[in-house]
Amino acid sequence: MVNKVLICGGDAVTTAFVRSCIQSDLRYNCTWFLPEDGSINAATVDALLSDTLFANRFVLDKSAAPTYADYEVLLIAPPADDADDATNIAWLQQILNAAMAAGFKGKVCLAFNNDYLPVYLAQHFSGLRPENIIGIGTLPESLIVKQLLSKRFRIEPRSITVNVYGITSNPFICWSQAQISGVPLQSFVDDDNAVFNADQLTAISQQSQSLAQSAHVIAEIRGLQLMLNALVLGRAIIAPVTHIEEITPTPSAISTPVLLGNNGITAFTIPAMTTAEEQQLAQIKAVVTQAIVAYTQR
């Protein structure tokens with residue numbers, strides 16, 4: 001296996017992601033799963049296959065019967081833009097059932113909105129180790145906030161550390177952990193700095209919410225690239241992605257910062273938060289656990 005990724009999805013984000021890989025000529029060896037039932041738009045896939053004429057390092061093929069054991073990563077996304085939750089879960093189970101029966105032993109990367117349930121169910125369907133199942137989670141939201149901070153304060157994005165915790169439908173920016181070149185952002189605010197102040201951070205929070213829809217596709221594409229770079233190219237990152245924190249007795253899958261690399265997820269102790277942030281995270285975890293339990297006990 002050499003950087004091999006099986007793409008299982010047909011929504012607009014998946015299509016845009018593949019197009020960006022072609023344009024950037026990323027070093028991935030991809031196959032697009034194209035089932036014979038027509039659930040994936042074949043014309044779209046064929047058009048992108050033609051576009052690979054302009055790529056030298058990025059490889060794209062298609063297959064109705066992939067050899068799952070040959071792949072390092074399954075990138076699973078909705079089969080179509082209009083797919084509802086039930087359709088997405090059935091699609092996820094169909095792919096994982098076939099993959100596990102064929103001896104797949106790699107990692108699963110999921111690109112669904114509110115992916116805490118798909119992430120949890122992916123482990124249930126596959127039996128893979130929890131650290132090998134990763135959802136994009138609030139990584140796109142974190143990238144949006146980082147760019148807003150960069151633009152507002154004219155600082156290189158690579159000098160900024162900021163994470164959005166939670167789930168897509170209920171995210172929050174963990175300002176207490178944000179850093180500029182290793183210096184806590186809060187220290188600038190506490191010094192009553194004219195540039196970094198509480199009003200500026202509130203404005204960025206509000207702006208990130210307004211951009212959650214318009215800029216989300218671009219942020220998702222960038223997030224998927226970072227995740228695959230980590231999983232197949234070994235370019236490890238620390239990022240808030242959805243991962244399973246606990247299977248029983250209180251099931252939980254949520255986005256908090258983890259180390260993501262060739263070996264999947266490596267969790268670490270979350271740095272100290274404010275009491276308000278801890279309470280907010282606990283409330284979101286309770287909602288996630290309730291949703292997972294309700295679904296699995298149907």
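Proximity of a side-chain donor or acceptor of Glu220 to a complementary backbone N or O of Val13 within less than 3.5 Å is not detected. In this structure, Thr242 contributes its side chain and Ile136 its backbone to no donor-acceptor pair below 3.5 Å. A distance-only check finds a donor-acceptor pair linking the side chain of His243 to the backbone of Ile254 [under 3.5 Å]. Of the possible donor and acceptor atoms, one in the side chain of Asp115 sits under 3.5 Å from a partner among the backbone N and O of Gly137. Not a single donor-acceptor pair under 3.5 Å links the side chain of Asp25 to the backbone N or O of Ala55. Judged by distance alone, with hydrogens and angles left aside, the side-chain atoms of Glu277 form a donor-acceptor pair with the main-chain N or O of Ser176 at under 3.5 Å.
Placement of Phe153 and Ile173 within a single hydrophobic cluster is found when ILVMFWY residues are connected by side-chain heavy-atom separations under 4.5 Å, directly or transitively. Val108 and Leu259 sit in two unconnected hydrophobic clusters of ILVMFWY residues. Membership requires side-chain heavy atoms under 4.5 Å apart, directly or through other members.
The line from CD of Gln23 to CZ of Phe58 is 11.0 Å long, rounded to the nearest 0.5 Å. Taken to the nearest 0.5 Å, the OG1 atom of Thr256 stands 4.0 Å off from the CD1 atom of Ile270. Taking OH of Tyr116 as the reference point, atom OG of Ser255 lies at 12.0 Å (rounded to 0.5 Å).
Scanning all heavy atoms of the two residues, the minimum distance from Ser205 to Ser208 falls at O-OG, 2.7 Å. Scanning all heavy atoms of the two residues, the minimum distance from Asp81 to Ala12 falls at OD1-N, 2.8 Å. Of all heavy-atom pairs between Leu211 and Leu148, the closest is CD1-CD2, 3.8 Å.
Checking Thr296 against Tyr120 by side-chain atom types alone, no donor-acceptor pair falls below 3.5 Å. Donor-acceptor pairing under 3.5 Å is lacking for the side chains of Asp199 and Thr202. A donor atom on one side chain and an acceptor atom on the other are found under 3.5 Å apart for Asn114 and Ser169. Defined by atom type and a distance below 3.5 Å, a donor-acceptor pair is present between the side-chain atoms of Asn229 and Tyr28.
Annotation: side chain of Ser142 is not in contact with side chain of Val162 (no heavy-atom distance under 4.5 Å). Contact annotation: the side chain of Lys107 never approaches that of Glu131 to less than 4.5 Å [non-hydrogen atoms, C-beta and beyond].
Aromatic ring orientation, Phe33 versus Trp91: parallel (interplanar angle below 30°, classes split at 30° and 60°).
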